[in-house]
Amino acid sequence: MPLIETVPLGETVDKPVAGELDRSRMPRHIGIIMDGNGRWARRRGFPRVEGHRRGERTVKEIVRACGELGIEYLTLYTFSAENWRRPEDEVRALMGLLEIVARREIQELHRSGVRLRVLGRVHDLPPNLQQLLIHGVELTRENKGLTLSLALNYGGRAEIVDAARKLASKVARGILQPEDINEESLARELYAPDMPDPDLVIRTGGEVRLSNFLLWQAAYSEIWVTDVLWPDFGRAELAEGIRSFQSRERRFGGVN
């Protein structure tokens, strides 16, 4: 089975989300690169922001499905550090949409036992959105269900740079010696050091690249790519991705 498997549009099978899944070999952590909102809207003659609105419905369905499957961690690539380069009106509309969604959904996440986390340089987001996210993180901190992490103003390289800066500061203050820096010490300075690495990274929209998503953590993740655009992604596609994961032999550089 190849490391990266692509599934052409139209070849997914409409099955229940748990159909044919081995509950003893479920991925503990799934990361999703939610791609294709703009293309979904353009193909239908809609403005790009309409694709983001439709993609929000997919987020709700996939969060619910992962909770039902007993997935412990779900990380969604929501807004990358590079997305600021998009047209100003699209970025403004997307920030507004994120604020609306946060206001509407945080209480529902809390009632469902979901723990919310945010990964990225949150301090650069609009103040109102920052406050809502901080409130959501604090409100759901003790929840024991699915941990939902939103990668917002996130970049994998930026995360590693931020971790390196923290280590450099410790060395400058005499707290840490340079020779004591290793993979474990750097990993402790990442945005969510207690979060396990993703077992499975799913990318929608057909592009076969990580796009700066969880670069450190995804070193040994299995990758599954589908041509299905994010607004059309559903339980059947999620199940296909998990089935693909379960069919693979994970060696982590060794030999079985």
Side-chain angles (χ1 to χ4, degrees), residues 31-64 66 73-110 112 114-141 146-162 190-192 195 202-205 207 209-215 229-233:
I32 302 182
I33 302 171
M34 306 180 294
D35 196 13
N37 290 342
R39 280 176 284 164
W40 183 93
R42 187 172 63 249
R43 291 175 184 179
R44 291 159 177 79
F46 298 145
R48 287 176 59 86
V49 71
E50 187 59 34
H52 297 306
R53 291 193 184 99
R54 180 60 181 81
E56 177 215 335
R57 293 166 53 188
T58 302
V59 169
K60 293 179 65 174
E61 183 66 13
I62 296 306
V63 169
R64 188 177 298 114
C66 285
Y73 297 86
L74 173 65
T75 300
L76 302 178
Y77 204 5
T78 308
F79 188 86
S80 78
E82 292 76 27
N83 285 157
W84 296 107
R85 302 171 187 167
R86 294 186 175 187
E88 184 178 348
D89 58 343
E90 180 182 350
V91 171
R92 188 184 309 112
L94 186 51
M95 289 295 126
L97 177 61
L98 287 170
E99 184 175 335
I100 291 170
V101 171
R103 288 186 188 278
R104 188 176 65 226
E105 300 297 338
I106 284 175
Q107 288 295 334
E108 179 60 31
L109 291 174
H110 184 45
S112 300
V114 174
R115 181 187 181 193
L116 178 66
R117 303 181 79 169
V118 183
L119 313 180
R121 294 177 173 175
V122 182
H123 57 274
D124 289 330
L125 296 172
N128 287 346
L129 181 56
Q130 287 185 48
Q131 293 173 10
L132 287 167
L133 293 171
I134 291 170
H135 167 69
V137 169
E138 290 300 320
L139 177 68
T140 63
R141 184 177 298 278
L146 172 73
T147 294
L148 171 63
S149 297
L150 304 180
L152 269 169
N153 194 27
Y154 174 87
R157 289 180 175 180
E159 180 177 21
I160 295 169
V161 167
D162 288 349
L190 297 175
Y191 295 146
M195 183 173 68
I202 293 173
R203 178 161 189 152
T204 64
E207 302 291 352
R209 56 176 176 266
L210 284 174
S211 293
N212 206 16
F213 179 59
L214 299 180
L215 295 182
L229 304 177
W230 178 246
D232 293 326
F233 189 87

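When reading the values below, keep in mind they use all heavy atoms of this one structure, side chains included, and skip hydrogens, waters and symmetry mates.
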Asker: Are the side chains of Val122 and Leu152 in contact, using a 4.5 Å heavy-atom criterion?
Answerer: no
Asker: The test is side chain to side chain contact (heavy atoms under 4.5 Å, CB included); show your working for Leu150 and Leu119 and say whether it passes.
Answerer: CA-CA 6 Å; Leu150 304 180; Leu119 313 180; over 6 Å; no
Asker: Any chance CZ of Arg85 has more than 12 other-residue heavy atoms, nucleotides or ligands included, within less than 6.0 Å?
Answerer: no
Asker: With a 3.5 Å distance limit and no angle check, can you tell me whether Gln130 reaches the backbone of Leu125 through a side-chain donor-acceptor pair?
Answerer: yes
Asker: About how many Å separate CG of Leu139 and CG of Leu132, when rounded to the nearest 0.5 Å?
Answerer: 11.5 Å
Asker: Nearest 0.5 Å please: distance from the NE2 atom of His52 over to the CG atom of Leu97.
Answerer: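 The NE2 atom of His52 sits 8.0 Å away from the CG atom of Leu97.
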Asker: So if I apply the side-chain hydrogen bond (donor to acceptor under 3.5 Å, both in side chains) rule between Arg86 and each of Glu88, Glu82, Glu90, which one comes out positive?
Answerer: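 It is Glu90; the other options fail the test.
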Asker: Side-chain contact, heavy-atom cut-off 4.5 Å: Arg117 with Leu148?
Answerer: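 No. Closest side-chain heavy atoms not under 4.5 Å.
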Asker: Shortest non-hydrogen contact from Met195 to Ser149?
Answerer: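 That would be SD-OG, 3.8 Å.
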Asker: Between Arg39 and Asp232, is the closest basic N to carboxylate O distance under 4.0 Å?
Answerer: no
Asker: side-chain hydrogen bond (donor to acceptor under 3.5 Å, both in side chains) between Asp162 and Tyr191: does it pass, once the steps are laid out?
Answerer: CA-CA 9 Å; Asp162 288 349; Tyr191 295 146; 2.6 Å; yes
Asker: Looking at Gly155, is its backbone amide N or carbonyl O close enough to the side chain of Ser80 to form a donor-acceptor pair, meaning the two atoms are under 3.5 Å apart?
Answerer: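 The answer is no, because no donor-acceptor pair under 3.5 Å joins these two groups.
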Asker: As a quick check of understanding, evaluate side chain to side chain contact (heavy atoms under 4.5 Å, CB included) for Leu214 and Thr75, giving each step before the final call.
Answerer: CA-CA 9 Å; Leu214 299 180; Thr75 300; 4.3 Å; yes
Asker: Measuring from Thr204:OG1 to Tyr77:OH, what's the distance to the nearest 0.5 Å?
Answerer: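 If I round to the nearest 0.5 Å, the distance is 13.0 Å.
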Asker: Using distance alone, with no hydrogens and no angle criterion, decide if Trp84 and Asn153 have a side-chain donor and acceptor under 3.5 Å apart.
Answerer: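 The answer is yes; a qualifying pair exists.
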Asker: In the structure I gave you, are the side-chain heavy atoms of Val49 and Leu94 within less than 4.5 Å of one another anywhere?
Answerer: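 Sidechains of Leu94 and Val49: no contact.
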Asker: Does a side-chain heavy-atom distance below 4.5 Å link Ile106 with His110?
Answerer: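 Ile106 vs His110: side chains apart.
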Asker: Determine whether the side chains of Ser211 and Arg203 contain a donor N or O and an acceptor N or O closer than 3.5 Å.
Answerer: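 The answer is yes; a qualifying pair exists.
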Asker: Please check this pair: side chain of Trp230 against backbone of Asp35, looking for a donor-acceptor N/O pair closer than 3.5 Å.
Answerer: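 Checked: no pair found.
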Asker: For a 4.5 angstrom cut-off between non-hydrogen side-chain atoms, does Ile160 reach Arg157?
Answerer: no
Asker: Would you please classify the geometry between the Trp40 ring and the Phe46 ring as parallel, tilted or perpendicular, with 30° and 60° separating the classes?
Answerer: tilted
Asker: Quick one: does Thr58's side chain have a donor or acceptor within less than 3.5 Å of a partner on Glu56's backbone?
Answerer: no
Asker: Counting only N and O atoms by type, is there a donor-acceptor contact under 3.5 Å from the side chain of Arg115 to the main-chain atoms of Thr140?
Answerer: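 Absent.
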Asker: Below 4.0 angstrom, N of the basic side chain to O of the carboxylate: do Glu50 and Arg53 qualify?
Answerer: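 Looking at Glu50 and Arg53, the cut-off is met.
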Asker: Heavy atoms, side chains only, cut-off 4.5 Å: are Phe79 and Met95 in contact?
Answerer: yes
Asker: Between Asn37 and Arg54 (side chain of the first, backbone of the second, donor and acceptor by atom type, cut-off under 3.5 Å), is there such a pair?
Answerer: no
Asker: With a 4.5 Å cut-off on side-chain heavy atoms, are Pro231 and Arg57 touching?
Answerer: no
Asker: Please determine whether side chain to side chain contact (heavy atoms under 4.5 Å, CB included) holds for the pair Glu108 and Lys60, giving the CA-CA distance in whole Å, both sets of side-chain angles, and the decisive distance to 0.1 Å.
Answerer: CA-CA 10 Å; Glu108 179 60 31; Lys60 293 179 65 174; over 6 Å; no
Asker: Nearest 0.5 angstrom please: Asn212 CG to Ile33 CD1, how far?
Answerer: 10.0 Å
Asker: Closest heavy-atom contact between Ala151 and Phe213?
Answerer: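 Looks like CB-CE1, 4.4 Å.
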Asker: Please determine whether side chain to side chain contact (heavy atoms under 4.5 Å, CB included) holds for the pair Val137 and Val118, giving the CA-CA distance in whole Å, both sets of side-chain angles, and the decisive distance to 0.1 Å.
Answerer: CA-CA 8 Å; Val137 169; Val118 183; 4.0 Å; yes
Asker: Can you check whether Leu146 reaches Leu74 side chain to side chain, under 4.5 Å on heavy atoms?
Answerer: yes
